[in-house]
Amino acid sequence: MDATFGRDKQALRYKQALISFRRGRADVASEHLAAVLDANPNHAQANYLLGIIAGINADYEAAEKLFAKAISIDKHNPHFLFYHGLALFNLGQPCEAMQQLDQALNINQNYAEAHYWRGRLLESIGRADDSMASYEKAVQVRPDYIDALVAYGNSCYRQYRHKEALALYQNILSIAPDHAGTYNSMGLVFLYQQKNGSALKCFEKAISIKSDFTAAYCGLGEALIRNGRPMEAISAFENASRLDPGNIAASWAARLTLPVLYNSEEEIISARERWKMGMYSILSEKPPSTQREILESKKAVAAITNFYLNYQGLDDLEHQKLFGRLVERVADVAYPGYANKDIT
């Protein structure tokens, strides 16, 4: 009778933990679960739920141990295996994580989340084709799985399968009409296809849904340039830089974007001075040092439209030397020893 009473009490505490967790009270749930495990360390579901809470709190080491414990009690539960895989993935153990995800899928081939995260894992180790197949499988299992649709569409975009990407993006919008990220992704496809008017509308729509969408402001800036509206493009890049001060491409574009055509000599003089001052301000800043800064600087310097200085019909030697100094500085950190120190 005492054993039965003890099991009933554990069941009640676990039920209370589950209710608290679903109400967003993870702290209360943790207290109930700890009590359950004090009485019965082999309570599989309690270990599992406490692992979920640890994962939510980014304590992946604790989560991994709890999921491993749950699996040792019930090795045929695909959810235990799946979340163990996620914990291992977050601990930087992709091979071990893959084993757990594969085991989960061996038990349940229609586990959409496992297919999706398998794709994420494969993408993280550079296996783009295999990751796309996993995303496709996740979508086949659950056609309304937004995260999988987004990942599959973006994979198609990176593989230059733009028609398929657009079809997937349209599918997402039929399910979630206000999905700002999808409008941004569609804008990128249209930019690549030189459909600049369509791209512009997509970026504007993304921003109307999510006003602090940095990437959409960057895309909007590029679309505005291509639509012959450089001053509005500068404003878009300034917004992107304001939202993300560390965005080197946006910061440089805000200072160095040039018109192609001018209405007067005064406009030319103003644009030249603005470009020169922008270049001096960039050169006065701390050189890029982190891997992210170096990578972004390489992309940013490649996007600078110094060629449009020629359209002004004036002597641009000073301006081109400034551009050369910037290229030298980026090359010096991106490719140590390559930059020519004699450039002045």
Side-chain angles (χ1 to χ4, degrees), residues 94 98 112 115-177 179-207 209-210 213-228 233 236-237 240 247-250 252-253 257 291-292 294-305 307 334:
M98 181 68 76
H115 284 296
Y116 166 70
W117 279 99
R118 189 176 188 277
R120 289 279 301 271
L121 192 158
L122 289 165
E123 188 174 337
S124 74
I125 59 176
R127 293 170 56 182
D129 291 340
D130 292 332
S131 71
M132 185 182 293
S134 288
Y135 294 142
E136 183 178 16
K137 183 62 178 178
V139 170
Q140 289 172 351
V141 172
R142 195 199 304 168
D144 62 349
Y145 190 178
I146 296 294
D147 288 344
L149 286 164
V150 169
Y152 188 23
N154 291 344
S155 292
C156 288
Y157 166 69
R158 288 190 291 269
Q159 295 281 339
Y160 303 102
R161 293 162 55 175
H162 294 146
K163 184 177 180 179
E164 294 170 73
L166 286 173
L168 287 162
Y169 295 149
Q170 292 287 2
N171 191 9
I172 293 168
L173 293 176
S174 70
I175 301 167
H179 198 281
T182 296
Y183 281 106
N184 183 68
S185 296
M186 289 180 68
L188 294 175
V189 173
F190 287 135
L191 280 181
Y192 186 87
Q193 295 177 332
Q194 300 294 317
K195 297 178 180 178
N196 301 319
S198 296
L200 184 63
K201 292 178 182 177
C202 285
F203 293 125
E204 288 175 336
K205 180 65 176 179
I207 292 167
I209 297 169
K210 185 180 179 184
F213 199 164
T214 303
Y217 277 110
C218 290
L220 178 64
E222 179 62 28
L224 286 164
I225 289 172
R226 296 190 188 188
N227 280 279
F237 289 130
N247 190 317
I248 293 173
W252 290 12
T257 292
Q291 285 300 314
R292 178 191 172 190
I294 292 170
L295 180 62
E296 289 191 1
S297 296
K298 288 166 59 178
K299 293 179 179 179
V301 78
I304 295 175
T305 52
F307 175 77

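- Taking CG of L191 as the reference point, atom CG of L220 lies at 10.0 Å (rounded to 0.5 Å).
- Checked options Q194, K195, K201; the residue passing with S198 is K195 (criterion: side-chain contact (heavy atoms from CB on, under 4.5 Å)).
- We find the NZ-CG distance between K163 and L168 to be 12.5 Å, quoted to the nearest 0.5 Å.
- With contacts defined as side-chain heavy-atom distances shorter than 4.5 Å, the pair F190/L200 does not qualify.
- Between M98 and L122 the shortest side-chain heavy-atom distance falls below 4.5 Å.
- When all heavy atoms are compared, the tightest approach of I248 to A300 is CG2-CB, 4.0 Å.
- Nearest heavy atoms, I225 versus A233: CG1-CB, 3.5 Å.
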Output, in order, the C-alpha distance, side-chain angles, deciding distance and verdict of side chain to side chain contact (heavy atoms under 4.5 Å, CB included) for M186 and K205.
CA-CA 11 Å; M186 289 180 68; K205 180 65 176 179; over 6 Å; no
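- Contact check for Y157 versus S185: no side-chain heavy atoms found under the 4.5 Å cut-off.
- Separation of the H115 and Y135 ring centroids does not fall under the 6.0 Å cut-off.
- With a 4.5 Å cut-off on side-chain heavy atoms, Q193 and L166 count as touching.
- Two residues are said to be in side-chain contact when any heavy atoms from C-beta on lie closer than 4.5 Å; K210 and N184 fail this criterion.
- Here the side chains of Q159 and E164 are not in contact, with every heavy-atom distance at 4.5 Å or above.
- Here the closest heavy-atom approach between residue A240 and residue T214 is recorded as O-CG2, 3.6 Å.
- Residues I146 and A176 come closest through the heavy atom pair CD1-CB, 4.3 Å.
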With side chain to side chain contact (heavy atoms under 4.5 Å, CB included) as the test, would you mind laying out the steps for I175 and L149 before giving the verdict?
CA-CA 11 Å; I175 301 167; L149 286 164; 3.8 Å; yes
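- Nearest heavy atom pair, residue A253 against residue T257, reads O-OG1, 2.6 Å.
- Taking 4.5 Å as the limit, some side-chain heavy atom of S297 sits within range of a side-chain heavy atom of W252.
- Minimum interatomic distance between K298 and V301 (heavy atoms only, all atoms of both residues): O-CG1, 3.3 Å.
- The distance from the CH2 atom of W117 to the CG atom of D147 is 8.0 Å, given to the nearest 0.5 Å.
- With a 4.5 Å cut-off on side-chain heavy atoms, V141 and Y116 do not count as touching.
- Atom CG in L188 sits 11.0 Å away from atom CZ in R158 (nearest 0.5 Å).
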